[in-house]
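Remarks on the structure that follows.
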Amino acid sequence: MDYLDIAGSMDRKIGPAEGILIQRELSPLVDRKWDKRKVERIAGADVHFPARDQARAALAVFSFPGLELIETAVHQSACLTPYIPGLLSFREIPAILKAWKKLQGSVSLLLCDSHGIAHPRRLGMASHLGLILDIPTIGCAKSPLCGIFEEPGPERGDRAPIRDKEGFTIGTVLRTRQRVKPIYVSIGHKIDLVHAVQFVLASTPRYRISTPLRWAHRLAGSRT
DNA sequence: GCGACAG
DNA sequence: ATCTTGTCGC
């Protein structure tokens, strides 16, 4: 079964046992390097749930580094898989892929409202989506899922490494705004942690959340 | 066994 | 994520 094929695992309900097997199989395929490609378009992806079985995905594409809005795409459809910590991909990615097909232009880098490799099996949604779309992605979560870390300093740009039990760094707790709760950045796919943090800060000029993700969040329908 | 647990 | 008002602090 080709799990990177949309029809391979994203068009049906996936249970915990199968989901974990898929993640273990795909995890080794994540590319943790940055190839220095030109980033002219950076996008944000988010999903809102109007009802328990309905998912509304939104994508907001911006120019980079100017951060001017280029285009948006939205798609609402039924979601078959319930939310289970560690298996978020199977609930949100189907709707995101359908919205993705509606985009007219290309995307150089995609920011996701989730973790990347800072995940129990090193395959959070940002990594999974990056593998499926075959583009660079970054995990930008608002709360931790796993790992150990210290509280970063109070200034914008202050950070602290997120490490697994073996001591390996799997992400960065990053303060994107002075004295505001930090976010959790991790490699999604086709990028390294240093560049991931750099791109997140460059696309987060004022608020806690990056411009692409804030727009995606709004477009998806969330009131906050 | 118990608690934690992206969105 | 969602149910939901006002309120405290910069």
Side-chain angles (χ1 to χ4, degrees), chain A residues 10 13-16 19-20 22-23 26-27 30 44-60 74-97 99 110-132 137-149 153-156 158 162-165 170-189 193 196 200 206-210 212-224:
Chain A
M10 288 300 166
K13 179 176 182 177
I14 298 295
I20 288 173
I22 292 172
Q23 293 178 332
L26 297 182
S27 178
V30 171
D46 196 14
V47 182
H48 175 72
F49 297 91
R52 191 153 57 188
D53 62 339
Q54 283 288 304
R56 183 184 168 88
L59 293 166
V74 172
H75 182 86
Q76 183 172 325
S77 55
C79 56
L80 309 171
T81 305
Y83 169 70
I84 297 174
L87 297 172
L88 178 66
S89 296
F90 305 100
R91 179 166 174 73
E92 301 198 348
I93 288 183
I96 294 175
L97 292 178
L110 181 62
L111 303 178
C112 303
D113 184 31
S114 68
H115 286 287
I117 64 170
H119 174 279
R121 290 166 292 282
R122 306 293 175 269
L123 197 85
M125 191 180 82
S127 297
H128 199 155
L129 189 53
L131 281 171
I132 291 175
T137 57
I138 297 173
C140 303
K142 296 184 292 300
S143 63
L145 173 61
C146 68
I148 307 167
F149 55 88
E155 301 301 315
R156 167 183 161 86
D158 284 345
I162 300 174
R163 297 195 180 81
D164 63 17
K165 287 187 175 181
I170 56 176
T172 297
V173 191
L174 178 67
R175 190 85 64 185
T176 53
R177 191 180 179 182
Q178 187 179 72
R179 269 175 297 179
V180 165
K181 184 164 64 160
I183 64 169
Y184 303 78
V185 179
S186 59
I187 290 171
H189 184 48
L193 189 54
V200 168
R206 179 171 183 186
Y207 304 108
R208 177 192 180 220
I209 303 302
S210 69
L213 280 177
R214 291 184 83 245
W215 274 73
H217 197 252
R218 286 181 57 270
L219 290 168
S222 183
R223 303 185 311 176
T224 60

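Numbers restart at 1 for each chain; the letters A, B, ... are given by sequence-line order, proteins then strands.
Residues forming a side-chain contact (heavy atoms from CB on, under 4.5 Å) with A:Lys13 (at least two apart in sequence, or on another chain): A:Leu80, A:Thr81, A:Pro82. In this structure A:Pro94 satisfies the side-chain contact (heavy atoms from CB on, under 4.5 Å) test together with A:Met10, sequence neighbours excluded. With sequence neighbours left out, the side-chain contact (heavy atoms from CB on, under 4.5 Å) criterion links A:Ser127 to A:Val30, A:Ile117, A:Leu123. For A:Asp46, there are no side-chain hydrogen bond (donor to acceptor under 3.5 Å, both in side chains) partners, not counting sequence neighbours. Partners of A:Arg163 by side-chain contact (heavy atoms from CB on, under 4.5 Å), not counting sequence neighbours, listed by chain and number: A:Pro161, A:Thr169.
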Nucleotide-level pairing of DNA chain C, given in dot-bracket where Watson-Crick and G-U pairs need both distances under 3.5 Å and | marks other strands: ..........
Base-pairing string, 5' to 3', of DNA chain B - Watson-Crick or wobble, under 3.5 Å, | interstrand: .......
A:Leu97/A:Leu129 under side chain to side chain contact (heavy atoms under 4.5 Å, CB included): CA gap, chis, key distance, verdict: CA-CA 9 Å; A:Leu97 292 178; A:Leu129 189 53; 3.9 Å; yes
Evaluation steps, side chain to side chain contact (heavy atoms under 4.5 Å, CB included), between A:Ile22 and A:His128: CA-CA 10 Å; A:Ile22 292 172; A:His128 199 155; 4.3 Å; yes
Audit row: A:Lys142, A:Arg208, side chain to side chain contact (heavy atoms under 4.5 Å, CB included) steps and yes/no: CA-CA 9 Å; A:Lys142 296 184 292 300; A:Arg208 177 192 180 220; 3.8 Å; yes
Stepwise side chain to side chain contact (heavy atoms under 4.5 Å, CB included) check, A:Val200 with A:Thr172: CA-CA 11 Å; A:Val200 168; A:Thr172 297; over 6 Å; no
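The side-chain heavy atoms of A:Ile84 and A:Pro16, taken from C-beta on, include a pair separated by under 4.5 Å. At least one side-chain heavy atom of A:Leu87 sits less than 4.5 Å from a side-chain heavy atom of A:Ile20.
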Could you tabulate the donor-acceptor pairs under 3.5 Å formed by side-chain atoms of residues 49-60 of chain A, not counting sequence neighbours?
unit_1: A:Gln54; atom_1: OE1; unit_2: A:Gln76; atom_2: NE2; d: 3.1
unit_1: A:Arg56; atom_1: NE; unit_2: A:Leu219; atom_2: O; d: 3.4
unit_1: A:Arg56; atom_1: NE; unit_2: A:Ala220; atom_2: O; d: 3.2

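The stretch residues 214-221 of chain A does not touch DNA chain B, since none of its heavy atoms comes less than 4.0 Å from the strand.
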So which protein nitrogen or oxygen atoms get under 3.5 Å of nucleotides 8-10 of chain C's nitrogens or oxygens?
unit_1: C:dC10; atom_1: O3'; unit_2: A:Arg179; atom_2: NH2; d: 3.3

Enumerate all atom pairs, one protein N or O and one N or O from nucleotides 2-7 of chain B, separated by less than 3.5 Å.
unit_1: B:dA6; atom_1: OP2; unit_2: A:Tyr83; atom_2: OH; d: 2.6
unit_1: B:dA6; atom_1: N7; unit_2: A:Gly86; atom_2: N; d: 3.0
unit_1: B:dA6; atom_1: N6; unit_2: A:Gly86; atom_2: O; d: 3.0
unit_1: B:dA6; atom_1: N6; unit_2: A:Leu87; atom_2: N; d: 3.4
unit_1: B:dA6; atom_1: N6; unit_2: A:Leu88; atom_2: N; d: 3.2
unit_1: B:dA6; atom_1: N6; unit_2: A:His119; atom_2: NE2; d: 3.4
unit_1: B:dA6; atom_1: N1; unit_2: A:Met125; atom_2: N; d: 3.1
unit_1: B:dA6; atom_1: N3; unit_2: A:His115; atom_2: N; d: 3.2
unit_1: B:dG7; atom_1: OP1; unit_2: A:Lys142; atom_2: N; d: 2.8
unit_1: B:dG7; atom_1: OP1; unit_2: A:Lys142; atom_2: NZ; d: 3.4
unit_1: B:dG7; atom_1: OP2; unit_2: A:Ser143; atom_2: OG; d: 3.0
unit_1: B:dG7; atom_1: O3'; unit_2: A:Asp113; atom_2: OD2; d: 3.2

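The list of salt bridge (Lys or Arg N to Asp or Glu O under 4.0 Å) pairs with a residue in residues 114-124 of chain A, not counting sequence neighbours, reads A:Arg122-A:Asp164.
Side-chain atoms of A:Arg175 come within 3.5 Å of backbone N or O of A:Val180 as a donor-acceptor pair. Under a 3.5 Å cut-off, the side chain of A:His119 and the backbone N or O of A:Gly86 do form a donor-acceptor pair.
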